[in-house]
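Notes for the one structure printed next.
Model, not experiment: these values are computed from the prediction.
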Amino acid sequence: MNRALYVAKTGLEAQQFRLAAISNNLANANTYAYKAGRAEFDDLMYQNIRQPGAQANQDETSTLPSGLQLGTGVKAIGVQKIHTQGNLMVTDNQLDVAIEGKGFFQVLDQGGNLTYTRDGSFQVNQNGDVVTSSGYLLEPNINIPQDATEVSITRDGGVFVTQPGNVEQNQVGQIQLASFINPAGLEALGHNFYAETTASGVANVNDPQTAEAGALTQGALEASNVNTVEELIGMIEAQRTYEMNSKAIAAADGMMQYLNNNV
Amino acid sequence: MDRMLYIAMSGAKEVMLSQANNANNLANANTDGFKQDFNIFRAQHMQGPGWESRAYSMDERPATDYTAGAIKVTGRDLDVVTKSDGYMAIQTPAGDEGLVRTASMQVLENGNLVDVSGNPVLNEGGIPINIPPTKSITIGDDGTISIVPADSPSNQLVVLDRLRLVKPDIKDLQKGLDGFSRLKADAAPLVQEQVSVVSGALETSNVNTAEALVRMIELSRKYELQVKMMSTTKSHAQKSDQLLSLR
């Protein structure tokens with residue numbers, strides 16, 4: 001069978017995969033703390049059809065000066081999360097916290113497992129505990145007293161509240177941040193959560209502004225780091241490359257059709 | 001039967017192989033760092049007394065086109081591309097040194113600096129680079145890797161290592177069956193050289209898509225030509241059968 005057909009097929013698949021990654025980025029262009037994913041490709045193995053230097057025939061003086069190695073196409077090797085900082089958007093909400101740096105907030109999911117997120121749009125649940133918008137508890141737990149009139153969160157993670165009849169602010173907790181040596185290796189769980197994997201390395205937990213954790217900004221959220229212009233360009237590129245590969249399929253098909261009709 | 005049929009058949013077969021190569025270039029039009037392969041046809045004479053009246057055509061991949069692709073800015077610190085005629089070295093899965101112009105690097109959990117497929121990036125001594133916990137990594141113009149260590153109180157940059165940067169002669173480069181470019185066995189070993197490195201950018205594939213599309217059409221038509229020759233041979237044979245048939 002015609003190899004060109006299969007090679008061009010891998011090209012179509014790769015572009016379709018790329019378009020899916022781009023669509024996901026565009027769909028999340030307004031998701032707080034979303035990190036853009038970039039589709040990565042690799043060329044497939046090459047096949048040795050004729051070895052360079054092989055004998056062309058029985059006459060020993062004749063060898064092939066260069067052989068024929070045919071590539072077998074392209075494959076998508078994955079979507080790499082690009083963990084660059086997103087813009088900070090000021091919301092003036094007391095419990096919105098943005099991270100400037102490499103860290104992640106630690107939260108406990110329903111099963112009590114530690115997951116990680118950079119989405120700092122926190123709220124208070126019925127017990128006064130600080131939770132994410134999906135209701136996951138911040139770890140270590142921070143409880144805001146019922147009568148607190150104001151909450152302030154410092155750059156280095158201290159959580160202070162103002163209570164009636166009390167001139168000084170009371171510290172009610174300390175936010176800690178986890179960082180990973182290879183954040184690209186984290187498993188994206190959806191809902192802005194990430195889980196630790198062997199590729200990401202173990203979480204390195206520190207107070208903000210120490211080690212590689214980064215600092216906190218109260219009253220702000222981190223916007224998605226999707227560059228929409230870049231994604232649109234990528235979309236055009238993917239579409240055109242797809243078209244070219246489908247042309248290659250049409251050409252290979254045309255060749256076989258001609259052969260079938262004329263011999 | 002006239003040997004013309006076999007000549008035309010081999011012509012068609014070789015054109016089909018060439019079409020596959022061209023399709024591979026097109027399929028990798030979006031693969032960062034991919035270098036397109038050349039494809040040429042060569043006349044291969046039959047050897048021996050009385051045989052040289054016929055020449056078969058043979059498709060070959062004589063070399064790879066090592067011209068630079070376009071540089072696209074990604075803004076990611078660990079995306080690097082070498083400028084001009086420079087290359088950087090990675091360790092291929094086969095364990096030897098592969099030469100690349102661009103790499104989207106990552107730091108693994110054990111601190112190893114690897115490319116996007118997990119192949120270790122080599123330092124100027126030719127050994128894989130290891131990065132300790134850091135606040136940030138910067139790759140300088142000459143391939144110097146500087147880091148701010150995680151435990152540094154003052155955000156002071158520390159020089160850690162340097163990429164292995166070389167300037168091979170293009171004639172000495174060869175693409176292997178695994179797709180990695182490496183130095184030919186008989187070439188002189190490469191030494192560290194002054195090569196500019198840009199970080200925050202990747203090199204796109206150097207496939208010339210317009211050229212590849214034109215070539216695709218050209219190959220399709222050439223194929224039809226060969227098939228036409230085959231059908232001509234068929235009608236020749238039919239005619240001679242008719243003329244010589246016994247009534």
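Side-chain N/O atoms of A:Gln80 and B:Ser104 include a donor and acceptor closer than 3.5 Å. A donor and an acceptor atom, one from each side chain of B:Ser231 and A:Asn262, are nowhere located under 3.5 Å apart. At a cut-off of 3.5 Å, with distance as the only test, a side-chain donor of B:Asn30 or A:Thr241 sits close to an acceptor on the other residue.
Inspection of non-hydrogen atoms places B:Ser220, B:Tyr223, B:Glu224 of residues 217-226 of chain B under 4.5 Å from chain A.
Heavy-atom pairs under 4.5 Å with chain B were tallied for A:Lys247, A:Gln69, A:Met45, A:Lys102; the largest tally goes to A:Gln69. Chain B forms the most heavy-atom pairs under 4.5 Å with one residue out of A:Thr84, A:Val263, A:Leu44, and that residue is A:Val263.
Ion pairing of A:Arg50 with B:Glu14 is present here, as a side-chain N (NZ or NE/NH1/NH2) and a carboxylate O approach within less than 4.0 Å. Under a 4.0 Å N-O distance rule, the pair B:Asp79/A:Arg38 qualifies as a salt bridge.
Qualifying salt bridge (charged side-chain N to carboxylate O under 4.0 Å, His left out) partners for A:Lys75, counting only residues two or more places apart in sequence or in other chains: none. Here A:Glu230 pairs with nothing under the salt bridge (charged side-chain N to carboxylate O under 4.0 Å, His left out) rule; sequence neighbours left out. Shown here are the salt bridge (charged side-chain N to carboxylate O under 4.0 Å, His left out) partners of B:Glu211, two or more places apart in sequence or in another chain: there are none.
The shortest distance between side-chain heavy atoms of B:Arg76 and A:His83 does not fall below 4.5 Å.
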